[in-house]
Amino acid sequence: MATARSLAALLSARATRPGPRRAGGAWPPRFAARAAAEPEHARRLVAEFDPAVPLEAAVTPPSGWYTDADFLRLELDRVFLRGWQAVGHIWQVKNPNDFFTGRLGNVEFVICRDANGNLHAFHNVCRHHASLLACGSGQKTCFQCPYHGWTYGLDGTLLKATRISGIKNFNKNDFGLVPVKVATWGPFVLVRFDDESTEGDVGDVVGDEWLGSASKLLSTNGIDTSLPHICRREYIINCNWKVFCDNYLDGGYHVPYAHGALASGLQLQSYETLTYERVSVQRCESAPSESDDLERLGTKALYAFVYPNFMINRYGPWMDTNLAVPLGSTKCKVVFDYFLDKSLLDDQNFIERSLRDSEQVQVHQYSTNVWL
């Protein structure tokens, strides 16, 4: 319901936002205005939900919020392509020349660290023919278009445009990669597509904009850069992205029934939910136990949902994050990243056992049709 209230407030706003510009010309046709005219029925779906209704009298959002393709396009424009969005973590771009790519709706992007260690983000398309420049992740000293060979530095400058001698009024300085604003907060890499300025922000400013007044709570509860990244797992789920978020946000409601083993390691009577401007934090103490669960869960668990689609789970020596990325109105990808206290990096048995327990939770959710 918290997701629905925040969505309703943003989706009903009639503010307009200019698309990204480039010097020397307009966007290639494929990327020319990210959002087309909004269908009337999508606006009606927004109007059907009143976020001002008290929680005890509220009902769930209309089913069209979870199935309508036009509604998803509205969400992408009004929600995902405005404000800071979590897209990855600092270990993916730890070293010079590291890069990783991503996609949000029809916007392709690349995050990279240049040879001087500076972090950059760009639209992941060649300025000539809009071909993708990079795929996946890894290391590169430059980005080269696979179609015509235009080559760009990791700072976005156009280094080489092939076979253009004789073309009048061409200035390669006008055709560097289109930047996306990028910053980090703690171990997370954030981007925003609605801000064309290229200057970076200090972490505290980004934290305040992204997390609001929850920033201090999270930064003082172990959400920091000290935890090395262990592994990533991805799940493709046949549901709207909000279904995953709704399930996460229902607190301890489903845990005793859907996750009995996990519930046995928690004192569910201590479960509490704290709400902030853009963050919902759930906290719970662990139950006394002589089993390995106490070592894995610790004495207190904290689960933070950051609007609109990012979740941070801190328990015992572990932190894991869940990022729900819409792939369509009824399909999403959920990316799990696992981080662990340095003192346990050599304990492979503990790591494998903990990851296996986490995997069992996810598989059980699918097998019990939580997502349907």
Side-chain angles (χ1 to χ4, degrees), residues 1-11 34 46 51 61 65-69 71-89 92 100-109 111 121 180 182-194 206-207 209-212 214-215 218 223 232-251 275-282 303-314 319-338 362 365 370-371:
M1 188 61 68
T3 308
R5 290 175 182 274
S6 299
L7 274 171
L10 279 177
L11 292 173
R34 278 199 293 244
V46 176
W65 282 37
Y66 297 86
T67 59
D68 190 280
F71 191 85
L72 174 61
R73 283 190 282 270
L74 188 62
E75 289 178 322
L76 287 167
D77 180 60
R78 297 286 189 87
V79 177
F80 287 98
L81 298 182
R82 307 189 188 196
W84 291 106
Q85 304 293 329
V87 294
H89 57 83
Q92 292 174 279
F100 69 90
T101 61
R103 177 179 179 136
L104 194 50
N106 67 349
V107 178
E108 303 274 359
F109 60 88
I111 314 294
V180 174
V182 63
T184 61
W185 186 88
F188 309 125
V189 176
L190 313 171
V191 299
R192 61 182 305 167
F193 299 94
D194 60 343
V206 172
E209 292 178 354
W210 184 46
L211 303 172
S215 175
L218 296 181
I223 314 300
R232 166 172 286 194
R233 291 177 176 173
E234 297 183 358
Y235 304 88
I236 302 297
I237 309 176
N238 292 320
C239 72
N240 185 274
W241 67 276
K242 292 187 295 299
V243 174
F244 186 91
C245 297
D246 289 347
N247 177 75
Y248 184 93
L249 282 165
D250 86 350
T275 57
Y276 301 85
E277 301 92 339
R278 298 174 59 85
V279 178
S280 172
V281 175
Q282 302 168 70
Y303 309 98
F305 174 82
V306 184
Y307 180 82
N309 65 330
F310 189 59
M311 290 137 271
I312 309 168
N313 312 302
R314 189 70 170 94
M319 177 178 74
D320 68 66
T321 62
N322 320 142
L323 180 68
V325 182
L327 299 179
S329 55
T330 58
K331 179 179 288 189
C332 67
K333 176 173 68 175
V334 182
V335 181
F336 279 63
D337 281 302
Y338 293 88
Q362 310 317 315
Q365 304 235 73
V370 168
W371 313 116

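Here the closest heavy-atom approach between residue Met319 and residue Pro187 is recorded as CE-CG, 3.9 Å. Counting all heavy atoms, side chain and backbone alike, Arg103 lies closest to Val325 at O-CG1, 4.0 Å. For the residue pair Trp65 and Lys242, the shortest heavy atom distance occurs at O-NZ, 2.7 Å. Looking at every heavy atom in both residues, Asn309 comes nearest to Ala324 through ND2-O, 2.8 Å. Here the closest non-hydrogen pair linking Thr330 and Thr67 is CG2-CA, 4.3 Å. In plain terms, the two heavy atoms of Pro308 and Gln85 that are nearest each other are CD-OE1, 3.5 Å.
Ring geometry, Trp241 versus Phe80: the interplanar angle exceeds 60°, so the pair is classed perpendicular (tilted spans 30 to 60°). Between Phe244 and Phe336, the ring planes lie perpendicular to each other; the angle is over 60°, past the 30° to 60° tilted range.
Among residues two or more places apart in sequence or in another chain, the ring-ring contact (aromatic ring centres under 6.0 Å, His included) test is passed with Phe109 by Phe193. With sequence neighbours excluded, the residues forming a side-chain hydrogen bond (donor to acceptor under 3.5 Å, both in side chains) with Asp68 are His41, listed by chain and number. Qualifying side chain to side chain contact (heavy atoms under 4.5 Å, CB included) partners for Ser215, counting only residues two or more places apart in sequence or in other chains: Trp185, Asp208, Leu211. By the side-chain hydrogen bond (donor to acceptor under 3.5 Å, both in side chains) test, Tyr338 pairs with Ser358, sequence neighbours left out. In this structure Tyr276 satisfies the ring-ring contact (aromatic ring centres under 6.0 Å, His included) test with no other residue, sequence neighbours excluded. Qualifying side-chain hydrogen bond (donor to acceptor under 3.5 Å, both in side chains) partners for Gln92, counting only residues two or more places apart in sequence or in other chains: none.
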Exercise. Between Asn313 and Thr321, does a side chain to side chain contact (heavy atoms under 4.5 Å, CB included) hold up when you go through it step by step?
Worked result: CA-CA 6 Å; Asn313 312 302; Thr321 62; over 6 Å; no
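Aromatic rings from Phe188 and Phe310 are positioned such that their centres are separated by under 6.0 Å.
At least one side-chain heavy atom of Val281 sits under 4.5 Å from a side-chain heavy atom of Val279. Side-chain contact between Leu81 and Asp194: absent, with no pair of heavy atoms (C-beta onward) separated by less than 4.5 Å. Counting heavy atoms from C-beta on, the side chains of Ile312 and Tyr303 never come closer than 4.5 Å. Annotation: side chain of Glu209 is in contact with side chain of Arg192 (closest heavy-atom distance under 4.5 Å). Within the 4.5 Å cutoff, the side chain of Val189 has heavy atoms near those of the Val182 side chain.
Tyr248 places no side-chain N or O within 3.5 Å of a backbone atom of Val243 that could act as its donor or acceptor partner. The backbone N or O of Ser329 lies less than 3.5 Å from a partner atom in the side chain of Asn240, making a donor-acceptor pair.
Salt-bridge formation is detected for the pair Asp337/Arg232: a Lys NZ or Arg NE/NH1/NH2 atom is positioned less than 4.0 Å from an Asp or Glu carboxylate oxygen. Using a cutoff of 4.0 Å between basic side-chain nitrogens and carboxylate oxygens, Asp320 and Arg314 are not scored as salt-bridged.
In summary, the side chains of Asn322 and Tyr235 do not present any donor paired with an acceptor at a separation below 3.5 Å, with no hydrogens or angles considered.
Residues in residues 322-335 take part in no salt bridge (Lys or Arg N to Asp or Glu O under 4.0 Å) pair, two or more places apart or across chains.
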